[in-house]
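Here is the structure we will look at, set down as structure tokens.
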Amino acid sequence: MSKSKERQTKLLHSDYQPPADFGAFPTPVYHASTVLFKSVAAMRSRDWQSRDSYTYGLHGTPTTFTLEEQLAQIEGGNHCILAPSGLAAIAIVDFAFLRSGDDVLIPENVYNPNRELGNWLTHDFGVTARYYDPMIGAGIADLIRPDTRLIWAETPGSVTMEVPDIPAICKAAHEKGAIVAVDNTWSAGLGFDALSHGADVVLHALTKYQGGASDLLMGALITRDDDLHRKLSVAHMRFGMGVGADDVYLVLRSLPTMKLRFEKHGKAAMEIASWLKSRPEISRVLHPAFEDCPGHEFFKRDFTGAGGLFSVLFDKRYSEKQTDRFVEALQLFKLGFSWGGAHSLCAPFRIMDDRKDWGYNGHQLVRFYIGLEETQDLIADLEQAFTVFS
Ligand SMILES: *Cc1c(COP(=O)(O)O)cnc(C)c1O
């Protein structure tokens, strides 16, 4: 740049070009709203849906494209869209595929905000959301109407952990022309391969294991089909659901260790779940790996791994007040929602009584997330908390 420019202008413009061919492992973090075009022709012929060029920060940067591509590859898909949270990704699916007059089927044990979004669509948007028993399997065919556009599934279900027969649900849906969206967050795409079991759209709350440090919110939608992806990307664009470059970087930074973390969480969770199962205070452990979990046979057939999240039912003699005291007596397990980070968490849940009772009624339920602390210390923490009952 000519030396004659005023200093103020030099503060904004520089023609310095760093040497090319820099190599390092981290993906560069591009912060951008405005994306620069080389010519008016390039600007006029821009295609915001293309992943071969750039239009505007909302539609992607090299940083977001890199994460999308990597997530699609992990899941065995062709396309991926990033959303500002898992719940935002759920909303994108509903608004991409549902129109006034359409019907959507949602499992009773789905992540609760997904269910509440269904209620909102029913109340204010002329959609009907109906809730189904997650163990219905091929029987879902009887619920599918000509106006049923979308079927949600989640494996296992949030909090109570029933494992649905995803291939049977997908087969019935496809025979009747409905799309199946599977929330695959629990096993991070490492324990269950949703697309090859028939899902059309796979959802991940990247907030969990992909983020891996309890410090960000993000969601992803992965598909194989070009047309489904195009519909999702239109809804994503209409809502302007961009993600922050630094958060994308944090996910990229966590991915290389995700499988190791997942396996460690899963192994520790099995040890602690088995220990809890032997306690007289606990009447049942809700974990897909146990035989008394509804859908255990589908877990054995379809899954290759489990993570750190499970729930327990306390013996009926304990009131909510007593189990609240137990939860508050825990020292290493902190009280909080979400999971997938390094730290152990617990949360009491009230099971909605508008769903089929798989033996839950009358029991207090507490969900545990097993973090990366030493297992023996976590067990000692649980042991000391049980003394509140004595
Ligand atoms: C956490 C979670 C979500 C939502 O993710 P956020 O990023 O917290 O909005 C969706 N589905 C499941 C199964 C989850 O566990």
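Counting starts at 1 for both ligands and their atoms, following the listed order.
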Exercise. Looking at the rings of W120 and F125, which for Trp means the six-membered one, are their centres under 6.0 Å apart?
Worked result: yes

Exercise. T323: what forms a side-chain contact (heavy atoms from CB on, under 4.5 Å) with it, not counting sequence neighbours?
Worked result: F314, Y318, Q364, F389

Exercise. Can you check whether S158's main-chain N or O pairs, donor with acceptor, with E154's side chain at less than 3.5 Å?
Worked result: yes

Problem set entry | R130/D103 salt bridge by N-O under 4.0 Å criterion | yes

For this session: Would you indicate whether the side-chain heavy atoms of L309 and R367 approach each other to under 4.5 Å?
Result: yes

Problem set entry | Close side-chain approach of H287 to P156, heavy-atom, < 4.5 Å | no

Put together the list of close N/O pairs, under 3.5 Å, between ligand 1 and the protein, could you?
from     : atom 1 : to   : atom 2 : distance (Å)
ligand 1 : 7 (O)  : G86  : N      : 2.7
ligand 1 : 7 (O)  : T207 : OG1    : 2.5
ligand 1 : 9 (O)  : G86  : N      : 3.2
ligand 1 : 9 (O)  : L87  : N      : 2.9
ligand 1 : 11 (N) : D183 : OD2    : 2.6
ligand 1 : 15 (O) : K208 : NZ     : 2.6

